Amino acid sequence: MNTAHRPPEDMDGEWERKGRCVIASGRRPHFSPDADMLAIQRRRIAGHIATHGQNSNALVLGATPELMDLAIQAGLRVTSVDCSPTMLEAAARRRETTDPAREAHILGNWLDMNMIGDGTIDIVLGDASLNNLRHRQMPVVLDEIARVTHKESMVSLRQIVLPDEDAPEYGFQPALAALRAGKISLHEFDRVLRFYSFNARALDPEQHRLDARRVFAAIREKHAAGELSASEYDFLIGRNSEVAHTVYPLSEQTRLLEHLGSCVVEQLPETCFFRRLMAHFTVRVR
């Protein structure tokens, strides 16, 4: 089922570009959900099924094949909604488990999911989905989620968050030192630079908007100044993005989701360097 809606105002071109890159490379994109976060999603789905049974409808916010696979493997009926046709195609190519009789993919906008009936969704899944909205759009989408769910529904989301307190270890120089000492991976280094190290210049605190273009401008400057090696720079710039994410401190993100119901927060294991920049939220709708 396809229902065309205008994509959110500045995301369509960049996500189309990302989708084309995923299709061309045939590789799992670096922004895919981490195994630890998928394990949390799997546990949450299993817990919901244990209480409510498999006869449930799941909604995936976005074109995330890993979440579609989890839902289908758990025996759920699942619908994904995404505003990018190319991202939907890229996701379809990376699926491990499909069941056309139990899944649907909608080209649409989370701001107005009129193709989904009131109170018909039992489980909502998302991977950094709400980070792709603008701050002013957040109440509208949360209202839509509230409309399509019901009192016993579960909302299970991974979100990029900011620490509630300063994290000096996520500064550029400490993170670079940790990388060169072999304490963290390039992937962890990239995540910290992307979502924390340059926030003084890249984050609009009023709109909660973290502009990737400013982050990668800072990375280019660090390389030009000789502070990044060629291999470090090549890795980072290979993940270049123009997406502006909406990010909240952990406590504020929790309060926003508590408008839907009671909220439980889990973060990555202590062994993960950038653990404080990612959180999983499980909301029991009330």
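The structure presented is a predicted model; accordingly, all values stated were derived computationally and were not measured.
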Give the C-alpha distance, both sets of side-chain angles, the deciding distance and a yes or no for side chain to side chain contact (heavy atoms under 4.5 Å, CB included) between R220 and N240. CA-CA 11 Å; R220 292 184 181 94; N240 182 63; 3.3 Å; yes
Take T246 and L130 through the test side chain to side chain contact (heavy atoms under 4.5 Å, CB included) and record every step on the way to the result. CA-CA 8 Å; T246 297; L130 302 186; over 6 Å; no
Using the six-membered ring wherever Trp is involved, compare the ring planes of Y248 and H208 and label them parallel, tilted or perpendicular (cut-offs 30° and 60°). tilted
Which of parallel (below 30°), tilted (30 to 60°) and perpendicular (above 60°) describes H223 and Y233? parallel
Is the shortest heavy-atom distance from the side chain of R284 to the side chain of M154 under 4.5 Å? yes
Are the side chains of V141 and L111 in contact, using a 4.5 Å heavy-atom criterion? yes
Is E144 salt-bridged to R147, going by a charged N under 4.0 Å from an acidic O? yes
Any salt bridge between E165 and R276, counting N to O under 4.0 Å? no
Backbone N/O of I23 and side chain of R93: donor-acceptor pair under 3.5 Å: no
Can you check whether L125's main-chain N or O pairs, donor with acceptor, with S156's side chain at less than 3.5 Å? no
Could you give all pairs that pass the ring pair (Phe, Tyr, Trp, His ring centres under 6.0 Å) test and reach residues 64-101, with sequence neighbours left out? none
Are more than 12 heavy atoms from other residues, nucleotides or ligands located less than 6.0 Å from atom CZ of R201? yes
Check this for me: Q173, atom CD, are more than 12 non-hydrogen atoms of other residues, nucleotides or ligands nearer than 6.0 Å? yes
Tell me, with the steps shown, if F274 and F189 meet ring pair (Phe, Tyr, Trp, His ring centres under 6.0 Å). CA-CA 8 Å; F274 65 93; F189 184 57; over 10 Å; no
Would a hydrophobic clustering, with Ile, Leu, Val, Met, Phe, Trp and Tyr connected at side-chain separations under 4.5 Å, put F281 with F195? no
Going hydrophobic residue to hydrophobic residue with side-chain gaps under 4.5 angstrom, can you get from L277 over to L38? no
Between the side chains of [X] and [Y], is a donor N or O closer than 3.5 angstrom to an acceptor N or O?
| X | Y | answer |
| --- | --- | --- |
| D118 | H150 | no |
| T64 | D127 | no |
| T282 | R44 | yes |

State, to 0.1 Å, how close S153 and I121 come at their nearest heavy-atom pair, and which atoms those are. OG-O, 2.7 Å
Please lay out, stage by stage, how E227 and E221 fare under the test side chain to side chain contact (heavy atoms under 4.5 Å, CB included). CA-CA 9 Å; E227 296 185 66; E221 290 172 12; over 6 Å; no
